Structure formats: C-alpha cells, structure tokens
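Scroll down for the structure; my scribbles are underneath it.
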Amino acid sequence: MAWLLEILKAAALAVLIFTFLAVVGAMYGVYLERKISGWIQARIGPKHVGPYGLLQTVADTVKLLQKEHITPRRADALIFNTAPLIVAVAALLDWVVIPFGTGFGRVLVVRDINIGVLYFAAMASITVIGILAAGWASNNKYALLGGLRSASQMISYEIPLALGILWVAMIAGTLSTVGIVEAQRGGWFLFKVPPLGLLAAVLFLAAATAEVNRVPFDLPEAESELVAGYFAEYTGMRFALFQLGEYGEMFGMAALASVLFLGGWLEPNLPVWVWAALGVAALATAAYVRFSALRTVYLLRPITALAVLGAVLCGVMILGAVLGRSPVLPSLIWFFAKMFALVFFLMWMRWTYPRLRLDQLLNLSWKVLLPAGLLNLLLTGFLLTVAR
Amino acid sequence: MGELAAFTILSALMLVPAVIVVTSRNIVRSALSLVPTFLGVTGFYIMLHAEYVAGIQVLIYAGAITVLILFVIMLTEGGSGTMVRQVTGQVPLGAMAAIWLAFLILVTLSRTTWPVARGELPSYSVQAIGTAFLTNYVLIFEVTSLVLLISLVGAIVIARREE
Amino acid sequence: MPKVVVDWLYVGVFAAVGIVLTVIPLVVVWLLAPRLSLPQKQLTYESGVIPFGQAWAQFNVRYYLFALIFVVFDVEVIYLYPWAVVFRDLGAFAFYEMLVFLLILFVGLIYAWRKGALEWV
C-alpha cells in the first residue's frame, strides 16, 4: 500500500502549500502591495485593522465571503464557475517544484520533478485557458475583449520566458530545480558568462511580469481601460480566487527567478568586507535620508526599518564568518529573503512605470525579446562548446 | 493492481470529456473539454515513464493548441457558442456502425495473443531524447524545422489572404 | 514505484486537493451570502449603461495569427529543451545542428515580421 501512503503525504503537502499560498501569497501579498504602493506614493497604506494594518486582508477576505455570487444572465454558468478554479489550481500546481531550502537532511521541495522547469512553464500556460474561459463565459464584450487580449499577451511572452529558462538549463545541464540550485554553489547564474546571465535574467523577469499580467503589462486588466478586463463580471469570492491565482503565480515566478538566477536557498559566498560595506551603506542611506532635506519627501519609518534590517543581516553574517559557522543562516531564510526581494522589485516596478499599449507590448515580445533570447542561447552555446 | 486502477481512472478522465467534445451543443464547452482529454494522455505517458513527452504534451496540447482552437472558435461566427447542433438523420445509423466497429475491435484484441517483450523500458529521459535526436536522428530533426517553417509560412499566407 | 510515477502522482493529488480547497470558500459563500435575484443584477456590466447588441463581434484575424506563430515557436522551444541539457556533452557539432535549426526558424520569424503578421493594428 505504498501508493496510499504517498497519496496521503501528497494531500497533506497540498493543504500546506495551499495555506501558504493563500496566507502568504494572496493575503500578505495584497497587504504588501498596498503598503508598498503607499510608501512609494508617500502615504501610509492600511494601518487601522490590526497592528500596522496586518489584518487588513483578513478583514477583506471575511467581507468577500459574505458577498453575493452574481452570475450574469445568459452567461455559461458551468464555464463561468470553473474558470477561477483553473487559474487558482494552476498557480497552486506551480509550487510543486519550488525548493524552499534544506532541512532534516534533505531538500525541502514537494517533488523534485526531473523536468521541473518545463513543468513550471507548462502550468503557466494552463492559466491562459482559464482566462480565455472567464472572458468568454461572462457574456460581456469587455470581458471577452480583455480575455482575448490577455491571452494574446500571455502566449506572446511564454516564449521569452522559456528562452530565459533554457539559458539557465544550458548552464546547469539539467531541468530539475534542485539541480539548478546545486549547480550555483560556485556562483549565482546571474553573474555567469557576464553580460549574458544578466540578459537572461532580464528576459525572464520581463516575461514573468507579463505572464502575471502586472504593470507595465497589465493593459488587459487595467481598471481604467477595460473595467478590470476578463474578470469584470466576477463578484465576491470568485474574484478573490482570481486574485489568489494571480498573486500565487507572481510569488511563484519570483521564487523561480530566485531559484534560476539568485541561487535559491544557497547563502551568498561573500567575503567579510563586502558584508561590512553593505551594512555600512544601508545605515548611511538611512542616515542620509533622515538628516537631509529628503526627510520631508520620503516616509522615514519604512526606510529606517529596512535599513536597520539590512544592517542587522550584514552584522549577523560578519559574526557568523568570524565564528566560522557555515552556512550562517538557515536556508529557508535565504530563500524567502530572495523571493520577497524579487516580489518587492515587481511591486516597485508596478508603481513606477506606466503601462504599455498592447501593440507596444506585443512588439516588445516578438521583435525584441524573442530574437534577443535566441541570440543569447546561440552565443552561450558557442562560448560553451566551440570556443573551448 | 494499482496500475489497473490508474489506467481506469485515466481512461475515464479521457473518454468522458471526449464524448462531451463530440456531442456537446455548445462549441466552446466542447473545446474546453479537450483539456481533460489531453491531461489523460499525459497520465498515460507517465505510466510509460515518458516524462519529457508528458511535459511537452501539457505544454503544447493543453497550453498552446487549446488556446489556438479557442481563438479560432471565437473568430468564426463570433463564438456565440449556442445550440450548434448537427442535425442529421444519420445518428441511429452512425451509432450502429460505431457499436459494430467497437465490437469488432474488442473481439480482435481479446483473441490475439500479444507477444510480450522482456527487459526494461527504454529510457525516455530528457538526456536520452536529446542525445537521440542530436546524434542518430539528426536529419529528421532538421527536416522538422523545415516542416515548422512551411506550416508557419503557409498559415500566414492563408490568413493574410482573408484580409 | 518508480520516481517518475510518484512525482506525477503528487501532481495529480495536488490538482485534486487544489480543486477541493478552492471550492470550499465558494461553498462557504453559498451558505453565508444573500441571494436576492433582481433583474438589474443580472445585466452585463457596461459602465452603468444598459448594454445593447450581441456580446460577440467579428474579431480580427490577428488573434489567430499570434496564436499560430506561438504554436510554431512553442514546438521549437520543445526541441531546445533536450538540446540545452545535453549539448555540452556532445561537442561542437550539436551546437552547429541547433544553429541550423534555429536559423531556419529565424527565417520564419523574419518572414512573419516582414509580412506584418506581428503587427497588432
């Protein structure tokens, strides 16, 4: 009955990962989005519900649970109801291959599938079907238009996404996520083959942002353009499920980017003086903002908090190096730090850039990113085989 | 025993949506029912330990082909998707032919003695597939690129002519 | 059971459990939320205006062209995956083979570009 045991283990892990996604990804992610957008716009964001507004999304979820389910007339009820499930489940399935760290003598990943990154790309393409179904089933021309545009955008960016992943697969020699992280023990792939690693990372991040329909690629679901696009007709909890799917996918893309380019759960192997310099730089930035004219422009509390956190981290690393511990911090911390850093970067981009028009978006993908990705692959292939 | 159970579940996952694809009156619903069928095929590939093929089955069929089909449906007749029933008087005749064919196939399958090969399944890992088409099957590989080019050019020519 | 089968068994269970877990909040809503059926609520949303006309118009062929070019390049990508994994062990000729493959498909991309299949307008 080995298979029964495996099924039970899988079910338990599924519940765990889903809870993680729902709490950290959707709830905490939405809270982070509102807070960070607030800071960037020189305001505070949610602060009333719970300490520092941390329970805001909990309150929102409880509210959404009581909202009525409105199905528009002549909408295809079956497809209308299944579409959010497709998007949410695809986002959940993405997380099967993400390695969280090492512990208890093994790598903490649900399953290290041999074709890990290919599987991830495949799950990302299933989301497109959910979006098309949602747009069509709403019986609303704006939703349908939004759905078609969103689907066109997502499929156009799947190729650059795959090309970014392929570059990493070329360097690592494997498609398994754990293998890719292990191959980065000698240095992050971001810095391998100097400009090409960075190019591949930029390619991947741009494509990932477009896959998750975030600014600057969120025209199909822009509130001011198409009235939230393909989910215009969705109310209450079904809307929340779409958001769960999107935020879960965004966190998944951030996690995969950190696995592919930033070394996953591995600790950065920097000499002591670099840590000292980073810590001093963080504190210096905070001091500069605090004591100069900039203190009237920026919000001080988050900046000082982040700087102090950075300085503490550097201090801990220096202490660890002095004491001779290796690795200094548990791998889970590094994984989450990198993932959240990328999520912060994605949110930062959202509130900084205007959105691209659809034709600009598609031009970028097919005429710039795709040739760049292919050239990247060919150059790297050349450097790794012929030029040896 | 476990394999038989898996086979049955996967077959149900494949065949029921396949029937829906053929008989549904709502064309979008029938297109979306293709997705569980493709996922059932993925399951069969896994049972044969062909992991890479399973992965690309999901990526290409469930991800790309279904999207293409849905786009085409939404382009033609506006995808109103309602009540497009093929009314033919041939349904009873067709059903009889199908049942007779199924009966023939079942009888033939059960009466044949299938030779069973000994040994391990060949490796269908990514490395094995890559090595194969880069060493033994290079010509086929390059011809595939020509096939892709031809299909791309042909589709663009036809689609552009509609404008 | 071989690793492959167990891996994807996990994926299958994840999908099933995921469906159950995403249905649970919907059931909670079905239990908790009011259900007042008014005809105005059933109208499709069009910025406060009563919608008129069918919801579906004849859409442009450009959606189809993009999906088609995507399928061709997706198939190209699935050839790139095994190549990326093994090319280093096979030496220079594997690189040249892939170079030929990619050049042929690059010609296709240039053709699509020049013929305006990649334009949105």
Side-chain angles (χ1 to χ4, degrees), chain A residues 2-3 6-7 10-11 14-15 18 65-70 72-73 85 88-89 92-93 96 110-111 113-114 118 138-142 144 148 152 155-156 158-159 162 166 169-170 173-175 227 232-233 236-238 241 358-359 362-363 366-367 370-371 374 377-378 381-382 384-386, chain C residues 1 3-4 6-11 13-19 21-23 25-26 28-30 32-36 41-47 51 53 55-57 59 63 66-67 69-70 73-74 77 80-81 84-85 87-88 91-92 94-95 98-99 102 106 109 113 118-121:
Chain A
W3 54 271
E6 294 292 342
I7 291 181
V15 173
F18 184 83
L65 278 174
Q66 303 169 36
K67 292 292 183 182
E68 179 180 351
H69 266 174
I70 303 179
R73 190 168 34 130
L85 295 182
V89 171
L92 173 68
L93 284 177
V96 174
V110 176
R111 280 312 280 198
I113 302 183
N114 290 335
L118 172 62
S138 302
N139 190 16
N140 177 342
K141 51 169 96 72
Y142 297 107
L144 180 57
L148 283 172
S152 308
I155 63 176
S156 300
E158 268 179 45
I159 312 283
L166 274 169
M170 279 174 70
T174 171
L175 290 179
V227 205
E233 294 285 350
M237 207 60 208
R238 288 184 290 211
L241 279 178
L358 194 63
D359 60 308
L362 294 170
N363 275 348
W366 290 104
K367 299 185 185 175
L370 175 60
L374 287 176
L377 285 183
L378 285 175
F382 181 74
L384 287 177
T385 50
V386 178
Chain C
M1 277 192 301
K3 175 176 183 294
V4 174
V6 178
D7 282 346
W8 290 80
L9 181 66
Y10 268 69
V11 172
V13 173
F14 254 67
V17 172
I19 293 176
L21 287 178
T22 42
V23 164
L26 295 180
V28 171
V29 172
W30 183 75
L32 286 182
R35 248 164 297 172
L36 186 52
K41 272 199 207 169
Q42 303 269 324
L43 282 179
T44 53
Y45 180 73
E46 204 161 318
S47 299
W56 302 282
F59 282 109
Y63 291 99
F66 273 104
I69 301 175
F70 164 64
F73 277 91
D74 219 10
V77 162
L80 281 171
Y81 275 106
V85 173
F87 83 107
R88 263 206 266 196
F95 170 74
M98 186 50 76
L99 182 64
L102 285 179
F106 211 70
L109 180 67
W113 192 329
L118 298 177
E119 302 299 322
W120 185 253
V121 284

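Any value given below was found using the heavy atoms of this structure, including those in side chains, with hydrogens, waters and symmetry copies removed. Since we're looking at a predicted model, the values are computed, not measured.
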message: Between C:Trp8 and chain A, with a heavy-atom cut-off of 4.5 Å, which part of the residue counts as in contact: side chain, backbone, both or neither?
response: side chain
field: Structural part of C:Leu21 lying under 4.5 Å from a heavy atom of chain A
entry: both
- line: Interface check, chain A: of C:Leu102, C:Leu9, C:Val6, most non-hydrogen pairs under 4.5 Å belong to C:Val6
Top contributor to chain A interface from C:Val85, C:Asp74, C:Leu109, C:Leu99 [non-hydrogen pairs under 4.5 Å]: C:Val85
message: Please rank A:Val110, A:Val96, A:Leu92, A:Leu166 by heavy-atom pairs under 4.5 Å with chain C and give me the top one.
response: A:Leu166
message: Using a 4.5 angstrom heavy-atom cutoff, name the option from C:Ile19, C:Val23, C:Val11, C:Ile69 with the most pairs to chain A.
response: C:Val11
- request: Tell me, out of A:Arg238, A:Lys367, A:Gln66, who's got the most heavy-atom pairs with chain C below 4.5 Å.
  value: A:Lys367
task: Against chain A, label C:Val29 side chain, backbone, both or neither, depending on which of its atoms sit under 4.5 Å from a heavy atom there.
output: both
query: Given that the side chain runs from C-beta out, which part of A:Leu241 has a heavy atom under 4.5 Å from chain C: side chain, backbone, both or neither?
result: side chain
query: Distance from A:Met170 atom CE to C:Arg88 atom CZ, nearest 0.5 Å?
result: 8.0 Å
field: chain C contact via A:Asn363 - side chain, backbone, both or neither, heavy atoms under 4.5 Å
entry: side chain
message: With a 4.5 angstrom heavy-atom cut-off, is it the side chain or the backbone of C:Leu80 that approaches chain A, or both, or neither?
response: both
Part of A:Ile113 within contact of chain C (heavy atom distance under 4.5 Å): both
query: Taking A:Ile159, A:Ile155, A:Thr174 one by one, which has the highest count of heavy-atom pairs under 4.5 Å against chain C?
result: A:Ile155
Best-contacting candidate, C:Val77, C:Val28, C:Leu26, C:Leu118, against chain A by heavy atom pairs under 4.5 angstrom: C:Leu26
- prompt: Hey, which of C:Phe106, C:Trp30, C:Tyr81 has the most heavy atom pairs under 4.5 Å with chain A?
  reply: C:Tyr81
- prompt: Going through the checks in order, is the side chain to side chain contact (heavy atoms under 4.5 Å, CB included) test met by A:Phe18 and C:Val17?
  reply: CA-CA 9 Å; A:Phe18 184 83; C:Val17 172; over 6 Å; no
